[in-house]
Each structure stands twice: as structure tokens, then as C-alpha cells.
Asks: 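One structure, as C-alpha cells, below. Some questions next.
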Amino acid sequence: MGLLVRGLLLAPAWRTLRAAAALCQGVRFASVQAYDIPAEDPPGDHEPILQIGDPQGLYPHHIPTNTLQKLLLSAGSAFMSLYDPYRHDMIAVLGETTGALALQKLREKMSKDLEGVQILQERPRIRMSNLDIERFREFPEGTFGREYVRFLDVNHVTPDTRMPVKFVDDEELAYVAQRYREVHDLLHTLLGMPTNMLAGEVVVKWFEAVQTGLPMCMLGAVFGPLRLSAR
């Protein structure tokens, strides 16, 4: 698996589908040179999303909630997600408040894999500051790196648009949730899916539901099509 992932960026896009499940579970994103945070970078340039011992909570942006509050947040975010599937903030809240068991299983899978353990220790991020986007643009047509940049350009998104995790009451699980959130665009690229509801998000949610077991993905896969017209 390590050799497969290291060759991912320069491989033809159709060959990378077998690696998609591994990406969901935290395998590092292709080339180490294109992804990892250089050790010589000055502090603060790549500030991690999760810091142990943050005085405001378990990690930056953390909002502690009890069981009742999580139930209310789950119900409210589920309703709003069905009412407006493009409310990414509500989808994010639903994923965090309902995904504790699934996140624990994902962490367990990562802890049994050498690369997974390394990721849990180093906690790399998929951010514009960590990616050599211009280099990806120079890759041959059909390679994963080139198709990933094309996806970002066509849909006017960047990895930095992913919301930070707030409602996961475990510092390490919060990173696993953030990791899942940041590979979402990689899965769109691997599966060749756009960001619309008809041919894109529902298909990706089905794939994510099978690979991650997150209830939010299952709900999106099953109830997302209800928002489509008969045509």
C-alpha cells in the first residue's frame, strides 16, 4: 500500500480508485515532498488544527457539549441538511455529533497500519500551504495530481475551505474527523464526480458511507436523492 500511495500523483487517474479506501482511512496524500510540512519552516506558518492542552477546550475551536446538546444539534443539523443539502456547515455538525463510534473504528484501523500510526503521530494537513499546486499543474493529463488541481479550479474550491472540527469530544478523534473532511475533494477527483447533487455528492456519500461507516454519510446517501426532482 505504501508504494501504491507514493506513486499516486503520477499514476493514471483510473488506477487510483483502489487507493481511495485507504485515503478515507488516513493514508498520507501521495508524495511526501508535496505534502509534508518542512521541518525548517518557521513556527506558525503551518499551525496545526489540533493542539493538546488548549486552554479553551481540548483543541482549538472545540465546543464541549453534553448528550442532550448533541442530540439537539444532530436533529437540527439533520433537518437543515435535508432542507438545504448545500449547507456544508450543517452537514459538518451532523457528522461530528453522530460519528463518535465510526471515528473510533477509523482510528482503530489507522492504529493497526504503519502509515496510519505515522499519520496519527505527525498529523499532516491537506492545505494550500502544504501542497505544491503549481507543480501539480505541470503533471501529464490524466494523472491524479493534475486532475486534483483541475477539480479545485473548476469548482472554485481549495482544501482550506474545509471547516474545523468543533463538537468531537476527543482530541485525537477530532483529528481523524478533520482528516476525513480534508480527503473529501480527493475522493471527488478519484471517482470523477462533480459537486452537484445529481451525479456528484450523492455518489461520493455512498462511497464514503461504505468506507467510513459515518452515519452522516449514510444519511446523505439515502436521503440526499429525495431533494432531486423526478426528472
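Everything quoted here is computed from the prediction, not taken from an experiment. Just so you know, these numbers use all the heavy atoms, side chains as well, and skip hydrogens, waters and symmetry mates.
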Asks: What's in the same ILVMFWY side-chain cluster as Leu68, cut-off under 4.5 Å, chained through other members?
Replies: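 Besides Leu68, the cluster holds Leu72.
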Asks: Under 3.5 Å, side chain of Tyr180 to main-chain N/O of Glu208, donor-acceptor pair present?
Replies: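 Not a single qualifying donor-acceptor pair exists.
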Asks: Could you work out, with side-chain hydrogen bond (donor to acceptor under 3.5 Å, both in side chains) as the rule, every residue matching Thr98, not counting sequence neighbours?
Replies: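 With neighbours one apart ignored, the set is empty.
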Asks: Quick check: do Leu191 and Val204 have side-chain heavy atoms less than 4.5 Å from each other?
Replies: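 Yes - at least one pair of side-chain heavy atoms lies under 4.5 Å apart.
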Asks: Can you name the closest pair of heavy atoms from Pro159 and Ile126 and give their distance?
Replies: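 Answer, listing the atom of Pro159 first, then Ile126: CB-O, 3.2 Å.
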Asks: In terms of side-chain geometry, is the basic nitrogen of Glu147 or Arg150 positioned less than 4.0 Å from the acidic oxygen of its partner?
Replies: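 Yes, this pair counts.
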Asks: Do Ser81 side-chain atoms and Ser77 backbone N/O form a donor-acceptor pair below 3.5 Å?
Replies: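 Pair found, side chain donor or acceptor close to backbone of Ser77.
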Asks: Quick one: pull up CZ in Phe167 and CG in Leu94 and give me the separation to the nearest 0.5 Å.
Replies: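 Result: 12.0 Å between the selected atoms.
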Asks: Hey, are Lys70 and Thr65 close enough side-chain-wise for a donor-acceptor pair under 3.5 Å?
Replies: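 Looking only at side-chain atoms, Lys70 and Thr65 do form a donor-acceptor pair, the distance falling under 3.5 Å.
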Asks: Answer yes when Glu182 and Arg125 have at least one side-chain N-carboxylate O distance shorter than 4.0 Å, and no when they do not.
Replies: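 Yes, this pair counts.
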Asks: Report the C-alpha distance between His62 and Val165 in whole Å, list the side-chain angles of each, state the deciding distance to 0.1 Å, and finish with yes or no for side chain to side chain contact (heavy atoms under 4.5 Å, CB included).
Replies: CA-CA 7 Å; His62 177 230; Val165 175; over 6 Å; no
Asks: Looking only at heavy atoms, which two atoms of Phe207 and Leu187 are closest? And how far apart?
Replies: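 Closest approach of Phe207 to Leu187, heavy atoms only: CE2-CD2, 4.2 Å.
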Asks: Quick one: closest heavy-atom pair of Ala102 and Gly213, and the distance?
Replies: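 So the two residues come closest at CB-O, 3.5 Å.
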Asks: Out of curiosity, does Val183 fall in the hydrophobic cluster containing Met128 (side-chain heavy atoms, cut-off under 4.5 Å, transitive links)?
Replies: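 Yes, because Met128 and Val183 connect within a single hydrophobic cluster, where side-chain heavy atoms sit under 4.5 Å apart.
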Asks: Nearest 0.5 Å, please: how far is CD in Glu96 from CD1 in Ile91?
Replies: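 Spacing of CD1 (Ile91) from CD (Glu96) equals 12.5 Å.
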Asks: Compare every heavy atom of Ala177 with every heavy atom of Val168, then report the nearest pair and how far apart it is.
Replies: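 Nearest heavy atoms, Val168 then Ala177: CG2-CB, 4.4 Å.
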Asks: Hey, mind stepping through Leu106 and Thr212 against side chain to side chain contact (heavy atoms under 4.5 Å, CB included) and telling me if it holds?
Replies: CA-CA 7 Å; Leu106 286 174; Thr212 69; 4.1 Å; yes
Asks: Does one side chain, of Glu201 or His188, offer a donor that lies under 3.5 Å from an acceptor on the other?
Replies: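 There is such a pair (donor and acceptor under 3.5 Å, judged by atom type) between the side chains of Glu201 and His188.
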Asks: What are the two closest non-hydrogen atoms of Gly145 and Phe136, and how far apart are they?
Replies: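 Distance-wise, the nearest heavy atoms are O-CB, 3.7 Å.
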Asks: Atom CD of Gln178 and atom CZ of Arg181: how far apart are they, to the nearest 0.5 Å?
Replies: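 Atom-to-atom, Gln178:CD and Arg181:CZ are 6.0 Å apart.
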Asks: Looking at Glu108 and Lys105, is there a salt bridge between them, counting it only when a charged N and a carboxylate O are closer than 4.0 Å?
Replies: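 No, this pair does not count.
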Asks: Met163 versus Val93: any side-chain heavy-atom pair under 4.5 Å?
Replies: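 Answer no - side chains too far apart.
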Asks: State the CZ-CG distance between Arg107 and Leu173, to the nearest 0.5 angstrom.
Replies: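 Output value for this atom pair is 4.0 Å.
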Asks: Do Leu120 and Val176 touch side chain to side chain, with heavy atoms closer than 4.5 Å?
Replies: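 Yes, at least one pair of side-chain atoms sits under 4.5 Å.
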Asks: Check Gly99 against Pro215 and note the closest heavy-atom contact, atom names and distance.
Replies: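 Answer, listing the atom of Gly99 first, then Pro215: CA-CD, 4.1 Å.
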Asks: Decide whether Trp206 and Met218 are clustered together by the hydrophobic rule: side chain heavy atoms of Ile, Leu, Val, Met, Phe, Trp, Tyr closer than 4.5 Å, transitively.
Replies: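 Trp206 does not cluster with Met218.
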Asks: Main chain of Val157, side chain of Asn155: is a donor-acceptor contact present, judged purely on distance under 3.5 Å?
Replies: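 Judged by distance alone, no pair lies under 3.5 Å.
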Asks: With the side chain counted from C-beta on, respond yes when Glu172 and Arg123 share a heavy-atom pair under 4.5 Å apart, and no when they do not.
Replies: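 Yes; the side chains approach each other to less than 4.5 Å.
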Asks: Are Phe79 and Met90 grouped together when hydrophobic residues (ILVMFWY) are joined by side-chain heavy atoms under 4.5 angstrom apart?
Replies: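 Per the 4.5 Å side-chain linkage, Phe79 and Met90 are co-clustered.
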Asks: Yes or no on side chain to side chain contact (heavy atoms under 4.5 Å, CB included) for Met80 and Asp89, after CA distance, side-chain angles and deciding distance?
Replies: CA-CA 10 Å; Met80 287 304 301; Asp89 55 338; over 6 Å; no
Asks: May I ask you to check whether Phe151 and Tyr148 place their ring centers less than 6.0 Å from one another?
Replies: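 Centroid separation for Phe151 and Tyr148: 6.0 Å or greater.
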Asks: Could you walk me through whether Lys205 and His184 pass the side chain to side chain contact (heavy atoms under 4.5 Å, CB included) test, one step at a time?
Replies: CA-CA 9 Å; Lys205 280 292 176 285; His184 181 76; 3.5 Å; yes
Asks: Do Val210 and Met216 belong together in a cluster built from hydrophobic side chains that touch within less than 4.5 Å?
Replies: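 Different hydrophobic clusters.
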Asks: If hydrophobic clusters are built from ILVMFWY residues whose side chains come within less than 4.5 Å, do Leu214 and Val222 share one?
Replies: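 Same cluster: Leu214 reaches Val222 through Ile, Leu, Val, Met, Phe, Trp or Tyr contacts under 4.5 Å.
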Asks: For Arg137 and Val149, indicate whether the former's side chain and the latter's backbone hold a donor-acceptor pair under 3.5 Å.
Replies: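 Not confirmed, Arg137 side chain does not pair with Val149 backbone.
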Asks: I'd like to check Leu152 versus Ile133 (side-chain heavy atoms, cut-off strictly below 4.5 Å). Are they in contact?
Replies: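 They are in contact (side-chain heavy atoms under 4.5 Å apart), so the answer is yes.
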Asks: Between atom CG of Leu103 and atom CG of Asp170, what is the distance when rounded to the nearest 0.5 Å?
Replies: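 If I round to the nearest 0.5 Å, the distance is 9.0 Å.
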Asks: Determine whether Met110 and Gln118 make a side-chain contact, defined as any pair of heavy atoms from C-beta on separated by less than 4.5 Å.
Replies: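 They are not in contact (no side-chain heavy atoms under 4.5 Å apart), so the answer is no.
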Asks: Could you check if a side-chain atom of Thr158 sits within less than 4.5 angstrom of a side-chain atom of Thr161, using non-hydrogen atoms only?
Replies: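 Thr158 vs Thr161: side chains touch.
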